[in-house]
Amino acid sequence: MLIAVDGPAAAGKGTLTRKLAEHFDLARLDTGLIYRAVSLKALELGDPSDEKIAVAAAEGLSFSDPDLAGLRDEAAGNAASKVAAIPAVRDILLIFQRNFAANPPNGKKGAVLDGRDIGTVVCPEAPYKLFIDASAEVRADRRYKELQERGDEAIRSAILRDIIDRDERDRSRTVAPLEPAKDAKVLDTSDLDADAVFAAALNFISLQD
Ligand code: CDP
């Protein structure tokens, strides 16, 4: 089984894919974390928008260490969308992602991946594709709550601005832009809670079989 979940920042992809992975006993890959890890390494080396720096960071990445401090910070997300716009960086990371989908780790029989281009580029053959969306306002509220629960300082207006900027960068890049695959089920989750989104996803998956 292979499930592709895409969507803009803070749409709830992580919450949904954790539930799907548990329900179907799948290996789960949050591909955003990989771009975030590259961006943190690139920031150590200099400007993450610089191709040479971003490529060096991607080549030096160890996939076994996804727990870098600061990985979930908004600064890492913003820098991630800069390294993510560089085609050579995406090429390096594509191999790892495709391999994960084809050979799920830990003896799992399938995988669920979330990101921006899973249904369009990484796993276009996936039989189940979901595109999780919500208004920018709702997504800013979700991210604000998430940061507060983690005890991080957060300013809602700054989060909203960052989300809008990052979506714009992700949608307008020339390589693997954020967009639903033609055969993806688009779910507007602005008025749905996490359980309702999960139920809608399960319903869609059962209709494909
Ligand atoms: O958690 P959030 O939805 O805010 O972002 P993320 O999934 O951690 O992704 C961080 C950034 O990585 C995104 O804004 C994209 O620019 C980039 N990304 C990508 O280009 N392709 C992916 N498959 C996953 C993430």
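Counting starts at 1 for both ligands and their atoms, following the listed order.
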Q: Compare R143, R72, K82 and give the one whose heavy atom is closest to atom 1 (O) of ligand 1.
A: R143
Q | Salt-bridge present (R90, D117; N to O < 4.0 Å) | A | yes
Q) Is F24 reachable from F204 through a run of I, L, V, M, F, W or Y residues, each pair having side-chain heavy atoms under 4.5 Å apart? A) yes
Q. Please state which protein non-hydrogen atom is closest to atom 11 (C) of ligand 1 and give its distance, to 0.1 Å?
A. A80 CB, 3.6 Å
**Q.** Which residue and heavy atom of the protein sit nearest atom 12 (O) of ligand 1, plus the separation
**A.** Y35 CB, 3.5 Å
Q. Would E146 and R72 pass as an ion pair if we require N to O under 4.0 Å?
A. no
Q.
Taking 4.0 angstrom as the limit and counting only heavy atoms of S81, give me the atoms of ligand 1 inside it, by number and element.
A. 14 (O), 16 (O)
Q.
Is a donor from one side chain sitting under 3.5 angstrom from an acceptor on the other, for T17 and R28?
A. yes
Q. Less than 4.0 Å between a side-chain N and a carboxylate O, is that true for R156 and D141?
A. yes
Q. Looking at ligand 1, does R169 have a heavy atom less than 4.0 Å from it?
A. no
Q) Is the shortest N/O to N/O distance between A10 and ligand 1 below 3.5 Å? A) yes
Q: Looking only at distances, please establish whether an N/O atom of ligand 1 is found under 3.5 Å from an N/O atom of R166.
A: yes
Q. Does N78 offer a backbone N or O that forms a donor-acceptor pair with the side chain of R169 under 3.5 Å?
A. yes
Q. Who gets closest to atom 5 (O) of ligand 1 by heavy atom: Q97, R116, R90?
A. R116
Q | D170 N/O under 3.5 Å from ligand 1 N/O | A | yes
Q: Please determine if D73 and R150 form a salt bridge, counting it only when a charged side-chain N lies under 4.0 Å from a carboxylate O.
A: yes
Q: Supply the atom-to-atom distance I205 CD1 to L20 CG, rounded to the nearest 0.5 angstrom.
A: 5.0 Å
Q. What about T31: any of its N or O atoms under 3.5 Å from an N or O on ligand 1?
A. yes
**Q.** Electrostatic pair K41:E59 at N-O distance under 4.0 angstrom
**A.** no
**Q.** Atoms in ligand 1 with a heavy atom of A9 nearer than 4.0 Å
**A.** 3 (O), 4 (O)
Q.
Which option wins on minimum heavy-atom distance to atom 17 (C) of ligand 1: G32, G7, A11, A84?
A. A84
Q: Report, in ascending order of atom number, the atoms of ligand 1 lying under 4.0 Å from any heavy atom of G115.
A: 22 (C), 23 (N), 24 (C)
Q) Can a salt bridge be assigned to the pair D167 and R139 using a cut-off of 4.0 Å between side-chain N and carboxylate O? A) yes
Q.
Show the atoms of ligand 1 that are less than 4.0 angstrom away from any heavy atom in K13.
A. 3 (O)
Q) For atom 8 (O) of ligand 1, which protein heavy atom lies nearest, and how many Å away is it? A) R36 NE, 2.5 Å
